[in-house]
Amino acid sequence: MGTKFGGKPGSKPGFKKQFKPYDNSQKKDDGGKKKFGFTKQEGHSFQKRKMPTDDGRSSSKKTDWDDFQGAEEDLKNHRQQSEKKDIFDIICPRKTNLGGTDCTSEKKAKLMDELHPHDPGQDQTLAFAHDTVRVLETFIQFRQPMSRDRKSSRTSKVRTNQFNLSDKSWLPRLMQTFKGSYAYNDKAVLAQRLMLTEELYGTPSPSAREGCCGPNPDKLLRILDEMKSTLTTMAQKEQVIKHSLVHKVFLDYFLFAPEKQRTEMIEAIREAVVYMAYTHDGARVAMHCLWHGTPKDRKVIIKTMKDVHGEGEFGHLVLLAIFDCVDDTKLIKQTVLAVRRVIKNKYGKKVLLYLLKPRDPDHILPEAIKFLEKGDSNAHSKKEPEIRKKELLEVVSPPLLEYLRDNAVSMVMDKGLSVIVRDILLSAAGDLRPAMKAVAKPASLELVPGGINKQLHMAEHPAGHIVLKWLIENDKALAELGREERFSRILVDTVGEEQLGTWVAVNRGALILCSLLKCVDQSVVEEVRSELEAIVPKLRKMTDNKGVENILEQLSAQ
């Protein structure tokens with residue numbers, strides 16, 4: 001209707017407000033002040049508003065913030081006193097820094113004595129509030145052992161109630177606090193670890209370990225069946241199978257299970273073995289799976305371990321077990337060998353040395369060798385150990401020789417890598433000459449006693465001179481193996497006889513010359529002897545040089 005007769009939609013019918021032009025002349029006259037209902041002539045001024053006082057009078061005095069904050073604190077304490085009637089007297093005076101430097105031993109003891117005598121039933125109330133739980137933590141931290149034990153026995157009930165009464169949505173956060181098996185790995189002693197693993201052995205009574213070790217075979221089979229059911233389920237969950245506590249139970253299973261049950265377990269967990277290779281017990285479980293698994297089981301395990309290069313304290317032992325028992329050496333090459341990645345790693349270096357010199361007590365602990373021997377009589381390795389060793393050596397030798405050739409200077413000057421230089425040039429398959437020349441090249445530089453720019457010559461370097469002596473001595477072993485390479489020959493040809501004669505200026509250089517006088521290559525011996533005999537008068541003038549004394553003794557003896 002409103003629209004039909006000229007009005008706006010929704011307005012009363014038939015009524016239309018008449019248009020009136022806007023007149024702003026009045027606004028210009030009063031300067032806009034009538035908009036606010038007053039003018040300057042009326043006596044109003046724009047002054048700062050004064051704050052009223054308690055008696056109703058206005059005051060311009062600033063607020064005392066210390067008094068204001070004190071009033072806020074009093075209000076907070078009053079509210080807490082009303083809400084926490086039973087425990088307010090306990091928590092209020094304890095909110096102090098007991099660990100601070102301003103808290104003396106006497107003050108600390110007094111505060112803890114005041115905290116002690118309260119109702120044990122209040123512990124749960126204290127534990128479930130973010131501020132009051134600090135009271136329990138403080139008491140446990142600073143109280144004497146007897147009282148600490150008393151408090152711990154009470155708080156254990158609180159932890160039990162947290163598990164039993166907490167909402168399911170909150171429970172994962174509680175479980176997260178136990179991540180990393182801190183209690184089992186870092187704090188528990190052997191007896192406590194055994195107690196923690198007891199429930200994973202199943203339900204038989206008495207102790208499951210007594211059943212495993214006892215003479216009753218029926219009890220053992222029942223326990224193993226319970227363990228198999230539990231462990232097979234755990235193997236399907238990645239976060240569970242990574243736990244070291246579980247690895248301990250797996251290891252016990254493999255130690256006591258008959259062959260049939262052991263084979264079934266390996267087939268069930270072979271894809272999850274990689275998650276256990278990083279702990280002491282888990283690595284041994286992986287080794288049992290490799291020793292007693294079928295060729296198919298081994299293939300699955302090795303393929304899942306393609307990122308395990310032997311850089312861990314326990315993981316490198318798993319690779320050693322692979323080298324000992326797996327017949328498919330091509331599969332090993334494709335999956336687990338990465339020379340350039342592991343050669344500078346403490347444990348990766350052990351893996352490479354094992355391939356060059358298996359079970360050498362100079363490179364691996366006797367205890368580890370003894371454990372590795374347990375896999376020697378497994379039923380699934382058909383290839384002769386010497387053939388497997390040769391094939392693996394042929395696989396690892398080319399990348400090792402290439403790496404040494406390209407990084408000779410850094411390797412011979414590194415105390416940790418100098419050992420592997422010796423074994424590469426003694427045991428590697430293939431032509432050793434290119435790598436030998438690369439090692440001898442830095443020795444051809446001029447020897448300046450004390451070094452140049454703090455860089456010692458190879459013959460004076462603590463690691464470098466030892467490498468040269470080792471490689472000269474290796475010539476005898478190479479000759480016994482029927483190899484034609486001789487490092488002493490390459491060294492003399494690279495450095496030159498005249499330059500070698502200058503090495504007598506330093507004791508370590510003189511000791512290297514002594515080694516050359518005793519090397520297996522007689523042509524080298526004659527050349528070095530001829531050069532040294534020409535400077536005998538100079539040598540006799542040198543004192544306090546043990547190497548020169550040895551040279552003179554050798555020259556006079558022949």
Side-chain angles (χ1 to χ4, degrees), residues 356 397 400-401 404-405 408-409 411-413 418-448 457-461 463-540 542 545-558:
L356 293 169
S397 291
L400 278 176
L401 289 170
L404 176 56
R405 184 193 65 201
V409 176
M411 291 184 70
V412 297
M413 301 297 189
S418 59
V419 176
I420 199 170
V421 172
R422 177 189 64 183
D423 287 345
I424 290 174
L425 294 181
L426 175 63
S427 304
D431 189 2
L432 305 178
R433 292 184 183 90
M436 285 182 172
K437 290 179 180 179
V439 172
K441 186 176 181 180
S444 63
L445 299 175
E446 180 185 1
L447 190 154
V448 177
H457 187 274
M458 184 178 180
E460 192 179 5
H461 192 275
H465 89 282
I466 289 293
V467 171
L468 292 177
K469 290 182 61 179
W470 281 342
L471 297 184
I472 293 170
E473 294 169 0
N474 274 356
D475 285 350
K476 183 178 180 180
L478 290 173
E480 293 173 352
L481 293 172
R483 304 289 296 263
E484 297 180 356
E485 301 94 334
R486 299 290 183 269
F487 179 77
S488 57
R489 179 77 268 168
I490 292 176
L491 179 64
V492 171
D493 292 342
T494 303
V495 177
E497 299 172 19
E498 184 177 352
Q499 181 72 12
L500 282 172
T502 65
W503 288 11
V504 296
V506 295
N507 183 60
R508 289 170 176 169
L511 292 175
I512 296 171
L513 296 174
C514 291
S515 297
L516 287 172
L517 289 173
K518 296 184 293 185
C519 74
V520 70
D521 191 326
Q522 290 301 313
S523 64
V524 170
V525 173
E526 293 301 325
E527 293 176 15
V528 174
R529 168 181 281 276
S530 175
E531 177 64 28
L532 293 175
E533 285 178 343
I535 59 172
V536 167
K538 177 182 176 181
L539 297 178
R540 288 175 177 170
M542 293 182 179
N545 190 322
K546 186 66 175 176
V548 170
E549 294 178 8
N550 292 340
I551 290 175
L552 292 172
E553 289 179 3
Q554 292 187 41
L555 293 177
S556 62
Q558 296 179 358

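For the atom pair CD1 (Ile420) and CG (Leu356), the distance works out to 6.0 Å, reported to the nearest 0.5 Å. With values rounded to the nearest 0.5 angstrom, Thr502 atom OG1 is found 9.0 Å from Glu531 atom CD. Note that CZ of Arg405 and CG of Leu432 are 13.0 Å apart. Values are rounded to the nearest 0.5 Å. For the atom pair Ser427 OG and Asn474 CG, the distance stands at 8.0 Å (nearest 0.5 Å). Within the model, atoms CG of Asn550 and CG of Leu513 stand 11.0 Å from one another, a figure rounded to the nearest 0.5 Å. A distance of 12.5 Å separates NZ in Lys546 from CD1 in Ile551, rounded to the nearest 0.5 Å.
Residue pairs meeting the salt bridge (charged side-chain N to carboxylate O under 4.0 Å, His left out) criterion with at least one partner in residues 428-445, sequence neighbours excluded, are Asp431-Arg433, Arg433-Glu484. Listed by first then second residue, pairs satisfying salt bridge (charged side-chain N to carboxylate O under 4.0 Å, His left out) with a partner in residues 493-503 read Arg489-Asp493, not counting sequence neighbours. Among residues at least two apart or in separate chains, there is no side-chain hydrogen bond (donor to acceptor under 3.5 Å, both in side chains) pair with a member in residues 506-519.
Closest of all the heavy-atom pairs between Ala408 and Ala438 is CB-O, 3.5 Å. A pairwise comparison of heavy atoms in Val525 and Cys519 identifies CG2-O, 3.6 Å as the closest pair. When all heavy atoms of Ile535 and Gly501 are compared, the pair lying nearest together is CD1-O, 4.0 Å. Heavy atoms only, all atoms of each residue included: Val495 and Ala440 are closest at CG2-O, 4.5 Å. When all heavy atoms of Glu553 and Ser556 are compared, the closest pair comes out as O-OG, 2.9 Å.
Using a 4.5 Å heavy-atom cutoff, the side chains of Leu516 and Glu527 are not in contact. Taking the side chain as every heavy atom from C-beta outward, Trp503 and Ile512 approach each other to under 4.5 Å. At least one side-chain heavy atom of Gln554 sits under 4.5 Å from a side-chain heavy atom of Cys514. Within the 4.5 Å cutoff, the side chain of Ile466 has no heavy atoms near those of the Arg422 side chain.
Side-chain atoms of Ser488 and Asp475 form a donor-acceptor pair, as typed in the model, at a separation below 3.5 Å.
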>> Go through it in stages, so that I can follow the logic: the residues are Val492 and Asp521, the test is side chain to side chain contact (heavy atoms under 4.5 Å, CB included), and I'd like the CA-CA distance, side-chain angles, deciding distance and then a yes or no.
In response: CA-CA 11 Å; Val492 171; Asp521 191 326; over 6 Å; no

>> Could you walk me through whether Leu532 and Leu517 satisfy the side chain to side chain contact (heavy atoms under 4.5 Å, CB included) test, starting with their C-alpha distance in whole Å, then the side-chain angles of each, then the deciding distance to 0.1 Å, before giving a yes or no?
In response: CA-CA 10 Å; Leu532 293 175; Leu517 289 173; 3.9 Å; yes

> Does the pair Val439 and Met458 meet the rule for a side chain to side chain contact (heavy atoms under 4.5 Å, CB included), with working shown?
Replying inline: CA-CA 10 Å; Val439 172; Met458 184 178 180; 4.0 Å; yes

> Can you check side chain to side chain contact (heavy atoms under 4.5 Å, CB included) on Val524 and Ile472, steps first, answer last?
Replying inline: CA-CA 11 Å; Val524 170; Ile472 293 170; over 6 Å; no

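Judged by distance alone, the side chain of His457 and the main-chain N or O of Leu445 form a donor-acceptor pair under 3.5 Å.
The side chain to side chain donor-acceptor pair (under 3.5 Å) search around Arg483 returns Glu485, not counting sequence neighbours. For Asn545, the side chain to side chain donor-acceptor pair (under 3.5 Å) criterion is met by no residue, not counting sequence neighbours. In this structure, His465 has no ring-ring contact (aromatic ring centres under 6.0 Å, His included) partners at least two apart in sequence or on a different chain.
Results of the side chain to side chain contact (heavy atoms under 4.5 Å, CB included) test with Met436 over Leu471, Leu404, Ile490 single out Ile490 as the only residue that passes.
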